[in-house]
Structure formats: structure tokens, C-alpha cells
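Note that these values count all heavy atoms, side chains included, but never hydrogens, waters or copies made by symmetry.
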Amino acid sequence: MLPYPQIDPVAVAIGPLKVHWYGLMYLVGIGGAWFLAARRLAGFAPEWSREKLSDLVFWVALGVIAGGRLGYVLFYDLAAYLNDPSLILQVWRGGMSFHGGLLGVLLCSWIFARRNGKGFFELMDFIAPLVPIGLGAGRIGNFINAELWGKATDLPWAMIFPTDPAQLPRHPSQLYQFALEGVALFTILWFYSRKPRPTMAVSGLFAVCYGIFRFIVEFVRVPDAQLGYLAFGWLTMGQLLCLPMILGGAGMMAWAYRRHVPGRVENSRSDFPPP
């Protein structure tokens, strides 16, 4: 068993002002995605200024935060938030839904694309490889908060989390998700998008890979206590929400390549600069 590193969830405290690691991880994710987007901008929209990119980052961040919080409220714990609506604003306590954040990003990106003369899926193909940076940072935030831990196990890398009332050795499922949703997903999309791909293919691959990775980890992650398992003694809300992602992403990739005309240059610029 590995010892859980005792990290104070509060990174900085100045009087009553407290800055939590969970919030800082959002800044790391947004900042990292912004940096990479700036490097890729010339290959995606050479006519765009850095100010235009800043506007895009603002819209996407708005979609992540607002959609993620509202998604958690609607998908995971509506009764508690109806009982005490002030909980919605307490984002430092966790309670963000990836699928809600994804819906928020899709909506904000659709609005931004329409206002700036870009196709929706063209813009999403640009954004998709940036998302794993935020996902990975967010899972590190979950780990520091000692939340979303896994089922009990006797594996040698099991950990006892201080927030676990039973104090059992458990799967560090947050780190599994960091490795899959952050590192592995970023690597896959990085190399896949380095070559010209049909519009919608990169977005489709993101949906398929994230859906599969999340679906797998849910087997060893403890479901939210207020929901438990939805069916069959193993199906979780996370898995249920991932199924349309996997199917939809596969359909998007199939449609993208079916529409692709061999010999026609499409998305010809390399989105990523040489390493």
C-alpha cells in the first residue's frame, strides 16, 4: 500500500481569503490550453489576432465552469441543490461534471464559431486536443481534495484517503483518470492531429477515447453516494453519459471519412508545430 500524500487542499490562506488547489488546477488547465492554442493558432486561423484567441479562451472557460457546475447539479445531486441553492456557488468543494462542462463548451463554441466565420466542427477540431490538459489538471485537483476515490483493493498501490470514513485501502482512481484522460488522451490527439484529417474526425476521436477511458475507470471508482449504481449492479451515471459520446464519436469519424474526397486537401495545415 502507498501512503496518501497529505496535501492541504488550501494552497494559500491570507486571513479569510483562501485559495484552493482545486481552483488553481482550473487555472493550470486553462493556462496550459491557452499556451498550446497560441502555438497552433497560425496553422488554424492565421487571420486571427491574439486578442481573438483570448476571446475564444474566455468563451470556452465560461462553458467549462458554468456547464460543469450546472451539469453536476442536474445529473448528480439535484435534490441537494434544490434544498440549498447556495451550494451551487461553492465550487471549491468540488462537484463539477465533465459532461456538463462539455455541453457548455459545445454551446459557447457554437456561438463563437457563428460570430467569427468558422465552422462549428472546424473549431471543435482545434479545441479538442487542448481539452486533456484541463482534464488532467482537474483530476490532480480531485486527488488533492481526496475525493472521487475508488473501490477497496489489495493492490500494492492502494491508498487510504483521509476523507474515507471506512479508512480502507482503495484504488487511486483520480490518478488512473489523470493518466488516461490527461496524458494518454493528449498524446493520442497530439499525434493524430499532426496530419491533415477530415473535418470532424479529431472531435470524433476525442469523444470515442474519452468515453472509453472514463467508462473503464468507472468500474473501479466508487459512484456518487446519492446515486449509487443505476442498473445491473455496476452501471454508473458516468458510464451512462459516456455511451452517447462513444457512439456519437464513432459516428462522427465514420461520417467524416465517408465525406472525405481522396485527393482533396482538407485541414491541410498541421495544427501542431514540430516538437
Can you confirm whether more than 12 heavy atoms, excluding those of [X], are under 6.0 Å from its [atom1] atom?
X    : atom1 : value
F35  : CZ    : no
Y229 : OH    : yes
W255 : CH2   : no

Is [Y] close to [X] at the side-chain level, that is, under 4.5 Å between some pair of heavy atoms?
X    : Y    : result
S109 : I127 : yes
V12  : K18  : no
L241 : R214 : no
F186 : V131 : no
Y210 : L102 : no
Y72  : H99  : no
D77  : V73  : no
W21  : N145 : no

Over all heavy atoms of both residues, which pair between [X] and [Y] is shortest? Give the atoms and the distance, please.
X    : Y    : value
F75  : S97  : CD1-OG, 3.8 Å
A137 : G29  : CB-N, 4.1 Å
N142 : R139 : OD1-NH1, 3.0 Å
A201 : M253 : O-CG, 3.8 Å
A128 : P132 : O-CD, 3.3 Å
A256 : P198 : O-CB, 3.5 Å

Test side-chain contact (heavy atoms from CB on, under 4.5 Å) on V64 and I30 and set out the steps.
CA-CA 10 Å; V64 168; I30 294 170; over 6 Å; no

Could you tell me whether a side-chain N or O of [X] sits under 3.5 Å from a main-chain N or O of [Y], the two making a donor and an acceptor?
X    : Y    : answer
D125 : S203 : yes
E181 : F178 : no
N116 : F112 : yes
D224 : Q226 : no
Y4   : F143 : yes
S173 : L148 : yes

What orientation do W149 and F161 show, parallel under 30°, tilted 30 to 60°, or perpendicular over 60°?
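Parallel: the ring planes of W149 and F161 meet at under 30°.
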
[atom2] on [Y] to [atom1] on [X], rounded to 0.5 Å:
X    : Y    : atom1 : atom2 : value
L189 : C209 : CG    : SG    : 6.5 Å
L230 : L235 : CG    : CG    : 5.5 Å
F206 : L130 : CZ    : CG    : 10.5 Å
L185 : L135 : CG    : CG    : 7.0 Å
L53  : F58  : CG    : CZ    : 14.0 Å
L175 : L2   : CG    : CG    : 9.5 Å

Please determine whether residues [X] and [Y] belong to a single hydrophobic cluster, defined as Ile, Leu, Val, Met, Phe, Trp and Tyr linked transitively by side-chain heavy-atom distances below 4.5 Å.
X    : Y    : result
L24  : I7   : yes
L103 : L247 : no
Y76  : L78  : yes
Y257 : V202 : yes
F98  : L70  : no

For E147, is there an ion pair with R170 - N to carboxylate O distance below 4.0 angstrom?
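E147 and R170: not salt-bridged.
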
Mind checking salt bridge (Lys or Arg N to Asp or Glu O under 4.0 Å) for D55 and listing every partner two or more places apart, or none if nothing turns up?
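So D55 forms no salt bridge (Lys or Arg N to Asp or Glu O under 4.0 Å) with any residue.
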
Salt bridge (Lys or Arg N to Asp or Glu O under 4.0 Å) involving E51 - partner list, sequence neighbours excluded
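With neighbours one apart ignored, the set is empty.
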
Check step by step if side-chain contact (heavy atoms from CB on, under 4.5 Å) holds for V217 and L180.
CA-CA 9 Å; V217 175; L180 291 174; 3.6 Å; yes

Side chain to side chain donor-acceptor pair (under 3.5 Å) between T199 and E122, intermediate numbers included
CA-CA 6 Å; T199 300; E122 184 183 5; over 6 Å; no

Kindly indicate, with the supporting measurements, whether the criterion side-chain contact (heavy atoms from CB on, under 4.5 Å) is fulfilled by K151 and F219.
CA-CA 9 Å; K151 297 178 180 178; F219 282 112; 5.6 Å; no

Can you confirm if the NZ or CZ of K118 lies within 45° of the ring axis of F44 and under 6.0 Å from the centre of its six-membered ring?
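The answer is yes, since K118 meets both limits relative to F44.
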
Can R197 be said to sit on top of Y192's aromatic six-ring, NZ or CZ under 6.0 Å from centre and within 45° of the ring axis?
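Cation-pi check for R197 and Y192: passes.
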
Do F213 and Y176 have their ring centres less than 6.0 Å from each other?
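For F213 and Y176, the ring centres are not under 6.0 Å apart.
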
So if I apply the side-chain hydrogen bond (donor to acceptor under 3.5 Å, both in side chains) rule between R221 and each of Q174, Q177, H171, which one comes out positive?
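By the side-chain hydrogen bond (donor to acceptor under 3.5 Å, both in side chains) criterion, R221 pairs with just one of Q174, Q177, H171: Q177.
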
For I246, what are the other residues in its hydrophobic cluster, where any two members join if their side-chain heavy atoms are less than 4.5 angstrom apart?
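Result for I246 is V208, I212, I216.
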
